[in-house]
K.L.:
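Dumping the structure here so I can ask a few things about it.
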Amino acid sequence: MATTVIDDGLPVAVPDSGSPLRTQRSGENRAGWLLSAPFIVFYLIFLIGPALYGILMSFFNTTSVKSGLGAAVGLANYREVLTSSAFWGSMGHTLWFTVLTTPPLVILAFVFAILAERIRRGRALVRFIFFAPFVMPVTSVTMIFGWLFTAQIGLFPKWLSDIGISPPNFLGTTGWSFITVALLTVWWTVGFNFVLFLAGLQEIPTEVYEAAAIDGSTPRKTMWSITMPLLRPTIVLVTMLQILASLQIFNQMYLMTGGGPGTSTRPVMEFIYDYGFSDYRAGYAAAATMVYFVIVLVVSLVWFVLRRQTRKTVGA
Amino acid sequence: MTDNSVQRRTQPHPSPTRRTIVGAGLGAAAAELLSGCGSPVATGLFGLAPPSDKLTYWNLFSGGDGANMAKMEKVYERSHPSIDLSATTLSWGTPYYTKLALATAGGAPPDVGIVHLSRLDTFVEAGLLTPFPADELTAFGMPATNFTPRAAQKATVDGQLHAIPLDTHPFVMYYNIPVCRKAGLLDADDNLKPIHGPAELTAALLAAKKVTGHYGGVVAVIGDPATNLRYFSTLYYQAGGTYIADAGQKITIDNDKAAQVLTFMRNLTKSGLMPATINDAGVLSLFSTGKAGFLFDGEWDIPTYRATPLNGKFNVVPIPHIFGPKPVAYADSHSFVIPRNSAMDKNRRAMVLTFIKTMLENSLIWAGGGHVPAWTPVRDSAAFKALKPQANYVAAAETAMYDPPAWYSGAGSDFENIIGAAVANSQSGVSSASSAVGQMWSGLRPYADAKAPVG
């Protein structure tokens, strides 16, 4: 999965114009650049470089299996992407997956974090249990769930038949395939959001709760008037991170359904993979990537705006 | 996913641990490189030649074919103990071809690989394969005349052989011997009496249906576009139809012929002679339990039916001649190719050619999986002629028609999925014949209009 780098948004100290401080700062600057040089080199070579090359490729009929850019085609690739029902279909599948996974992954993580925070004994064990699935590699997770959900011999179909419910075809129909992969994803990644919420909850000073208790606040009122507002930055952060992560769905879908039946569950990342690698149309796939990038960028900008507003109201 | 720090409570400034992460990553990568001298990683990164006694071979065979291939590899390893054969089986279809193409383009291909002949043209056009000059093949005892002519012809691109065919695997007709005997469709030796034309096939299916009480015949319709394509293509090619021309840039579907064939196929399901909505599992169940007298399927499923109670009670023949002036069988072939590779020298190539020759000479083992060997010394041997039912449909290999060449066609391709899906819609009655033909056109249109990535 791609890495989402989040700017933590902490204010940068404005440099003073005094001269001794300036030399000190420039020395610090040099050290800073030197220390980050290894990362910057990697970033340029493996992220910025390929991204720029991708933009260039999107204007050419580039082929994955031949060197060079191929013939220039102007905006033809973009025109084909924007008018392709297969592309927008897969974009729709990605959005549907995001809609299916984001609410449970945010709400469940929140509920689990609240409950785990209240436990007095074995807190570490509970945290470990919720976070443990997240460290598993996607191949193992999909293999386990593949066996659980497989028709005829899977554990879930068997349980359902045992209690007299005829099991749906979990991986053979479009509707259920989405739900199956969403269930897998919730189980697998809820631990990450859970940890973020836990950290947010621990940030709330206990004095506030004590004051509320002294004032005779009910647990529900404490939740609504203290926990929720003070946790708002974390809620916004988790929600946006989750939307961005869900928009990048590829691994689980590719491994569980291969985008099937047909291409009815193929997410947009797999569309790009299929066209860029299986069909050798690197230039066209690069154009599709750029369109997808713009869409994700818009979502990120929404987060940016929301975060600024949150900071203003919370005053952090 | 994200490496967002969660230590805000103890530290006002979250301390990114990216450096340690990168450091750890570098360490791991270095460790892998060090431990992998002579490994594919080292070969790929530094262009080092692989050890001279190691032969890498990629294929896509699992199941019965995979077991047979492993047996043939054993034979080779026993006769060439000094060579370390490293055979890798990858997922069938598009994933395999994607990996083979990108590994070759990336300069780290296997020494020898398997390619379906229906996929060959694209690989050649992309410049991923090396040709086999006629004198080289003769020198290694594999003259082109020793192969099934249709397969050798399909393996020839731009006037040169680019693949060495291993087999031809046609789409065929299975029949249940007790059912067909009762229906009076067999001769004195229990062989199926010749069936010719749509009326005779319909009559045979009707006679079988009367015996089984369920269906006359069966073919997978749901969830199996490839089988739909093969079944339709057999009859459509017989009728003289074509799909595409100019390496896929032009659609040449003959609407009338396609509609005629689809209507015939739909009538069989509409009248209840064959089930209209059935998947692979249902097909296996119906034919293996004698609820259908005939089955249209690939010969590679013979081992599957041998493992059912039907073992010994079925026979396999080419699909009858239904339309057009001459019989045609839809088929594909597995073949050996040598990918373009800067690390390939004369000695290594000789090693690969010897490997291929050994495989061909032992292709009687391969025929056990239902395939017709392309290597005529085996195909014409007494041992193969005694191999039933394989020997029954050698004729299908001689009249084989393949998927048309295009960058989007071939085994497991988008072409097969598009045509197959339209045929399934017609067979199950979801779409009329003419609208199914329309779906073929509209499905192929974006591919034909797109600028071809190769060629």
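Convention: sequence-line order gives letters A, B, ...; per-chain numbering from 1.
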K.L.:
Between Asn279(B) and chain A, with a heavy-atom cut-off of 4.5 Å, which part of the residue counts as in contact: side chain, backbone, both or neither?
P.N.:
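Asn279(B) has no heavy atom closer than 4.5 Å to chain A.
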K.L.:
Between Thr62(A), Val65(A), Val73(A), which residue shows the highest count of heavy-atom pairs closer than 4.5 Å to chain B?
P.N.:
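Heavy-atom pair counts peak at Val65(A).
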K.L.:
Do Asp279(A) and Pro453(B) touch side chain to side chain, with heavy atoms closer than 4.5 Å?
P.N.:
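No; the side chains remain at least 4.5 Å from each other.
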K.L.:
Counting heavy atoms not belonging to Met136(A), are there more than 12 under 6.0 Å from its CE?
P.N.:
yes
K.L.:
Between Ser278(A) and Thr94(B), do the side chains contain an N or O donor and an N or O acceptor separated by less than 3.5 Å?
P.N.:
no
K.L.:
Examine whether an atom of Tyr275(A) lies under 4.5 Å from a heavy atom of chain B, and if so say whether it belongs to the side chain, the backbone or both; otherwise answer neither.
P.N.:
side chain
K.L.:
I'd like to verify something: which residue of Ser413(B), Ala450(B), Pro95(B) has the highest number of heavy-atom pairs under 4.5 Å with chain A?
P.N.:
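The option with the most such pairs is Ala450(B).
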K.L.:
With only heavy atoms counted, which part of Phe60(A) is less than 4.5 Å from chain B, the side chain, the backbone, both or neither?
P.N.:
neither
K.L.:
To the nearest 0.5 Å, how far apart are OG1 in Thr98(B) and CG in Asp274(A)?
P.N.:
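So the OG1 of Thr98(B) and the CG of Asp274(A) are separated by 8.0 Å.
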K.L.:
How long is the span from the OG1 atom in Thr63(A) to the CD atom in Glu125(B), to the nearest 0.5 Å?
P.N.:
12.0 Å
K.L.:
Pair Trp407(B), Arg281(A) - check side chain to side chain contact (heavy atoms under 4.5 Å, CB included), show working.
P.N.:
CA-CA 10 Å; Trp407(B) 61 271; Arg281(A) 300 186 65 198; 3.6 Å; yes
K.L.:
Can you say whether Asn61(A) sits under 4.5 Å from chain B via the side chain, the backbone, both, or neither, judging by heavy atoms?
P.N.:
side chain
K.L.:
At their closest point, which heavy atom of Ala105(B) faces which heavy atom of Ser64(A), and how far apart are they?
P.N.:
CB-O, 4.0 Å
K.L.:
In this structure, are over 12 heavy atoms from other groups packed under 6.0 Å from Phe128(A) atom CZ?
P.N.:
no
K.L.:
Classify the ring geometry of Tyr280(A) against Phe123(B): parallel below 30°, tilted from 30° to 60°, perpendicular beyond 60°.
P.N.:
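Ring orientation of Tyr280(A) relative to Phe123(B): perpendicular.
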K.L.:
Quick check on Thr122(B) against chain A: is it the side chain, the backbone, both or neither that has a heavy atom closer than 4.5 Å?
P.N.:
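For Thr122(B), the side chain is the part near chain A, not the backbone.
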